[in-house]
Amino acid sequence: MMDEDFARLQRETARRRTFAIISHPDAGKTTLTEKLLLYSGLLRTAGMVKNRKGGRLATSDWMAMEQERGISITASAMQFEYRGAVINVLDTPGHQDFSADTYRTLTAADAAIMVLDAAKGVEAQTRKLFAACRLRGIPVLSFINKLDLPAREPLSLLAEIEEVLGIQASAINWPTGSGRDFIGVVERATRDLLLFEKTSSGGAQRAALRRLPFASDEARAALGESAHSRLREELEMLDVAGNPFSREAFLAGQVTPVFFGSALTNFGVEPFFDAFIELAPSPQARLALAGDGSLALDPVQAPFSAYVFKIQANMDPRHRDRLSFIRVCSGRFERDMVVKHIRGGRVLRELRLSRPNSLVARERTTIDEAFPGDIVGLINDGFAIGDTLSARAGIAFPELPQFPPEHFARIEPLDLARRKAFDKGMETLAGEGAVLVLRPYEQPLASPFIAAVGRLQFEVLQYRLRDEWGVETRLTPLSYSCSGWLEGDVARFQPTPGCQLARDERGRIAVLFPSAWDREYCLRQNPGHRLLEIA
Ligand code: G4P
């Protein structure tokens, strides 16, 4: 590679920030994403991204779902520039959209922003997503949102993060209060008070900031004597009793820096984004399998490599096709480059990567090049989740993690004459990671059943079988509600009543249980075995 090209690759890699926003529904993820677009100059006024309103959508209509939810479902990844950094935001739908996809998407992120509602603290979905980040060793920044409404005490929120999530929380700034009293934050490192100026247009424009030394008379006057002294006491207490912050500890996943703000009014949003750019890591070396061992692929030194982490169909009614999303791990991606398509360590074919797409809000644009950390959508059939694309043979990224499914069902075509189309559809969709296919252990010929992390995965599967393969199906739920991947000698495993052993297509063994209680009981009866949360 020429020196200039190398220097450019280095520069481009260093300014990439690839991350996911994780939160419980309604905490403000969409609003914060929108503000990031606003502050990056991509949207002139806020309110364009999000156009849904009110109650939950009927989940059965996949197309309507995509339209209703705007970018939240359509743009699986968005790219734009913010203050010289190239931002790649990955979408991780929460709640009922929760699926194996969500977990896989997190593998493509180098960092995560965790949005918490200041009145609610750590909620169920946040816990699950945080656990997935922790398993991947992804550093997490916390944004405590909705401070413009009555909120819980900031100290109790920090304590909850520590207790429930088991990570140290270190406040980078501190709110002046909540509701009407939330007029600014004190930046702890500089002891400056950042006062927010209300925007007339209700958050449609960026909020101006006034910076004053916290100890100044002006700051005292702005806050009022009693609020100022209360805040001073809180800050002193934090200095003594709070967790120290270091970037190393953050990158190692030991501490989460905490910021306070209101995505709706823009208060505290800009200081947060600026800190995010500073703190979040650029793409780092990724581990790949090579021969019998593994190899750390440096994003700049290693030749082009990427892997497929998500496949999405019917993203846009105007192009009824399938987009496979790859995350570039090393080297420069060029349009029309020829790469090796690797699955399970074997080169399947040589492939020209034509029509690469990048996404900005709703628009797809064709791109000519991409760098480590970038997400590229390829319109190309024949990819499966976890496939590696590489300039050279002999490497493969590890298989993507599979979390234990919680929903199980049998599925069959209503019209038996459509069996062939059904089988073909199932094979393709399972390869795309839409659902997991399991077979009862020791009965490899018994008919398979399907399993998923989120219930919605089944609905999407049925919809797609009908829409793309013309097969109507009948789904019969099975009465298991949790599972785990078996670790230990399967021959010595003593199944307890009601549990079922199954094998997936990669040969992993899952144990299915009617309830969490059955799972606990079974584990007690099998002290030599473990059930893994990820495999
Ligand atoms: P989500 O993507 O995490 O599900 O949350 P989303 O941003 O959609 O926000 C959920 C609701 O909370 C929205 O209200 C949104 O306007 C509101 N919200 C987000 N951030 C803040 C904040 O900082 N302060 C206040 N007060 N509200 C906030 P909605 O009524 O459901 O929708 P909309 O009609 O406002 O769009």
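Read the numbers this way: they start at 1 and go in the same order the structure lists the ligands and their atoms. Given the structure is predicted, the values throughout are model-derived calculations rather than measurements.
- For Y480 and H407, the ring centers sit 6.0 Å or farther from each other.
- The existence of a salt bridge linking R16 and E12 is confirmed by a sub-4.0 Å separation between a basic side-chain nitrogen and an acidic carboxylate oxygen.
- Contacts with ligand 1 closer than 4.0 Å are made by heavy atoms of both the backbone and the side chain of T30.
- In this structure, CZ in R327 is found 12.5 Å from OG1 in T105, a value given to the nearest 0.5 Å.
- Heavy atoms of D26 found under 4.0 angstrom from ligand 1 belong to the backbone as well as the side chain.
- Ligand 1 has no nitrogen or oxygen under 3.5 angstrom from a nitrogen or oxygen of G261.
- The side chain to side chain donor-acceptor pair (under 3.5 Å) check on R210 picks up E197, E218, with sequence neighbours excluded.
- Within ligand 1, the atoms closer than 4.0 Å to a non-hydrogen atom of T31 are 6 (P), 7 (O), 9 (O), 15 (C), 19 (C), numbered from 1 in the order shown.
- With respect to the salt-bridge test (charged N to carboxylate O, under 4.0 angstrom), the residues R152 and E160 qualify.
- The side chain to side chain donor-acceptor pair (under 3.5 Å) check on D148 picks up S262, with sequence neighbours excluded.
- Near P25, meaning under 4.0 Å from any of its heavy atoms, are these atoms of ligand 1: 4 (O).
- Exactly one of V258, L165, I167 qualifies for a side chain to side chain contact (heavy atoms under 4.5 Å, CB included) with M114. That residue is L165.
- In this structure, of Q125, K29, K146, the residue bringing a heavy atom nearest to atom 3 (O) of ligand 1 is K29.
- For L264, heavy-atom contacts with ligand 1 shorter than 4.0 Å involve the backbone as well as the side chain.
- Under a 4.0 Å criterion applied to the non-hydrogen atoms of S262, ligand 1 contributes the atoms 22 (C), 23 (O), 24 (N).
- Of the heavy atoms in S23, only side-chain atoms (C-beta onward) come closer than 4.0 Å to ligand 1.
- Taking distance alone, with nitrogen or oxygen atoms compared against 3.5 Å, G28 approaches ligand 1 more closely than that limit.
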